[in-house]
2 protein chains.
Amino acid sequence: MVAMAQGTPDTAEMRVDRSVTTLRGLTLEKMRDAILDFRFRPGERLVERTLCERLGVSRSVVREVLRHLEAEGLVETIPHQGPAVARPDPAQAAQIYEIRGLLESEAARACALQASDAAIDELAAAIDQIDAAFQTGSPRAVLKATTDFYEILFRAAGKPVAWEVVRSLNARINHLRGMTVVTPERHAHAIAEMRALHAAIRRRDGEAAWRASADHVAMVARLAAERLASLPPG
Amino acid sequence: MVAMAQGTPDTAEMRVDRSVTTLRGLTLEKMRDAILDFRFRPGERLVERTLCERLGVSRSVVREVLRHLEAEGLVETIPHQGPAVARPDPAQAAQIYEIRGLLESEAARACALQASDAAIDELAAAIDQIDAAFQTGSPRAVLKATTDFYEILFRAAGKPVAWEVVRSLNARINHLRGMTVVTPERHAHAIAEMRALHAAIRRRDGEAAWRASADHVAMVARLAAERLASLPPG
DNA sequence: TATGATAAGATGGTATACCATAAGATTGTC
DNA sequence: GACAATCTTATGGTATACCATCTTATCATA
């Protein structure tokens, strides 16, 4: 143990690690991942007893997990009709993209001003991962890699709370994002946009980073709106 | 029933209202209100059996409500130590104010551009309510009236999703807000700031509304930071 | 008087039972 | 064949039981 300064001894290092995962914690993770991984369709009913069978836990655990997901906006519950995977309507989706624009661009700006060199390198690596994910053609892989990129960006910007908000909002439009994320022409554009953002961050240009991020979100918002417009109603 | 246009008959008005409040719904509302109304202190343990007695419901209901509040960020649960009212640290509080600044100012701008005359009148009335609440000297009343004002503003701006985000973040710093909201000098300043914001909205000046809102949030953020700095740690 | 051991109480985690209500299936009648 | 009535099944809501673990209280010993 390193020598400590005079005064109150710092015993934080001594604290016993009591982290233990409950069944509920594990189940919440699995359900959230299953929803985000397109294992359930928006609108699909989440019948408690069916989930008990699939997950191998009691209804108590399932109900508590559903309450959590409900508060996160991933599940909606109609009284006496039961829970179902949430379906964001077009107006909500548009607002979510707008909020993302506000928060992501501000994070990009702050990232340019204060990110460590290590974080900037991590961002570059994350863009390479996104590129590789596009090659696989899998929306899942692209969304996962994109999420990793933004997590690095927000944390490097010193904005974990904003990241929580964006991640939560993105979860609500995950299915829509999944439908718009992978097309051949989108691959090239997306990577170019992200490299432009990264270049701005690397040269510590807050203004340009802000611009690049705002432009990127505006682009994906438009793609999503077009996609929604082409879907049958309901 | 009013006559309808040719085509698919609009039967929305005919739909049977099946809203029925569950015990869980009622309990969630009561618990949330109790936390926001300073009936529980940040860090205070929420013992399940104690809550059962106070609320008159079973542990099933209490546990599901705690899961919901946990996901909302109002409650934090340490494994095998149980739930407690959440305590936002200073860094989180600062980020919450920054996010509010981004979302509220954008909503103010949009409100100036598109709010109905009726909504603008409602905003004026809401400011009068805030003024009256300050006279009572009650932080609860001031926070309640302020929440009403912002709900009107966000809805008039057409941004219910952003309002959800702001309301949720505000809930997490409710106690801090309660500590900073009411002082004699704050009363005059706060009302002046809100009237300035309202005047900008009334004259449909998006830019000025944006500025007034951003300034207001910056002001309350600074007051909160000062207050936090004056508290003992822990 | 202080410390260690033991017992009792408190608490969160998880499972299951019971109930009311809604939905679906089946049967009977016109 | 269509519709109404009846029966059965499915489902969410709520309560309670049981268990393991942790905390607190009590007792014994040095």
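All heavy atoms count here, side chains included; hydrogens, waters and symmetry mates do not. Just so we're on the same page: letters track the sequence lines, and every chain starts at 1.
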**Student check: side-chain heavy atoms of A/Gln95 and B/Pro160 closer than 4.5 Å** = yes
**Request:** Specify the separation, in whole Å, of atom NE2 of A/His68 and atom P of C/dG13.
**Result:** 12 Å
**Message:** Rounded to whole Å, how long is the line connecting atom CZ of B/Arg24 with atom C1' of D/dA15?
**Reply:** 14 Å
**Asked** Salt bridge or not for A/Glu151 and A/Arg167, using N-O below 4.0 Å?
**Response** no
**Message:** Looking only at the side chain of B/Val61 (C-beta and beyond, no hydrogens), which of the listed nucleotides D/dT11, D/dT14, C/dG13 gets closest?
**Reply:** D/dT14
**Request:** With the side chain of A/Arg67 defined as its heavy atoms from C-beta on, choose the nearest nucleotide among C/dG13, C/dA15, D/dG13.
**Result:** D/dG13
**Prompt:** Rounded to the Å, how far apart are A/Leu46 CG and D/dG13 P?
**Reply:** 13 Å
**Prompt:** Any idea which of D/dG12, D/dT14, C/dG12 is nearest the A/Val47 side chain?
**Reply:** D/dG12
**Prompt:** Between the base of D/dG13 and the side chain of A/Arg59, is there any donor-acceptor pair under 3.5 Å?
**Reply:** yes
**Request:** Take the protein atom CG of A/Leu66 and the nucleotide atom P of D/dT11, then report the distance between them rounded to whole Å.
**Result:** 14 Å
**Request:** Specify the separation, in whole Å, of atom CZ of B/Arg45 and atom C1' of C/dA10.
**Result:** 9 Å
**Prompt:** From B/Arg222 CZ over to B/Thr180 OG1, what is the distance, rounded to the nearest 0.5 angstrom?
**Reply:** 12.5 Å
**Item:** Rounded distance (Å) that lies between atom P of C/dA17 and atom CD of A/Glu48
**Value:** 16 Å
**Message:** Between B/Pro83 and A/Gly56, which residue's closest nucleotide on DNA chain C lies nearer the 5′ terminus?
**Reply:** B/Pro83
**Message:** I'd like to know if A/Glu29 pairs up with A/Arg32 as an ion pair, taking the criterion as any Lys NZ or Arg NE/NH1/NH2 lying under 4.0 Å from an Asp or Glu carboxylate oxygen.
**Reply:** no
**Fill in**
When rounded to whole Å, the CZ to C1' distance for the pair A/Arg63 and D/dA15 reads 11 Å
**Request:** Classify the side chain of B/Ser60 versus the base of D/dT16 as yes if they form a donor-acceptor pair under 3.5 Å and no if they do not.
**Result:** yes
**Asked** Any donor-acceptor pair under 3.5 Å joining the side chain of A/Arg49 to the base of D/dG12?
**Response** yes
**Between C1' of C/dG13 and CG of A/Leu28, the distance in whole Å** = 15 Å
**Asked** Is there side-chain contact between B/Leu46 and B/Leu69, with heavy atoms separated by less than 4.5 Å?
**Response** no
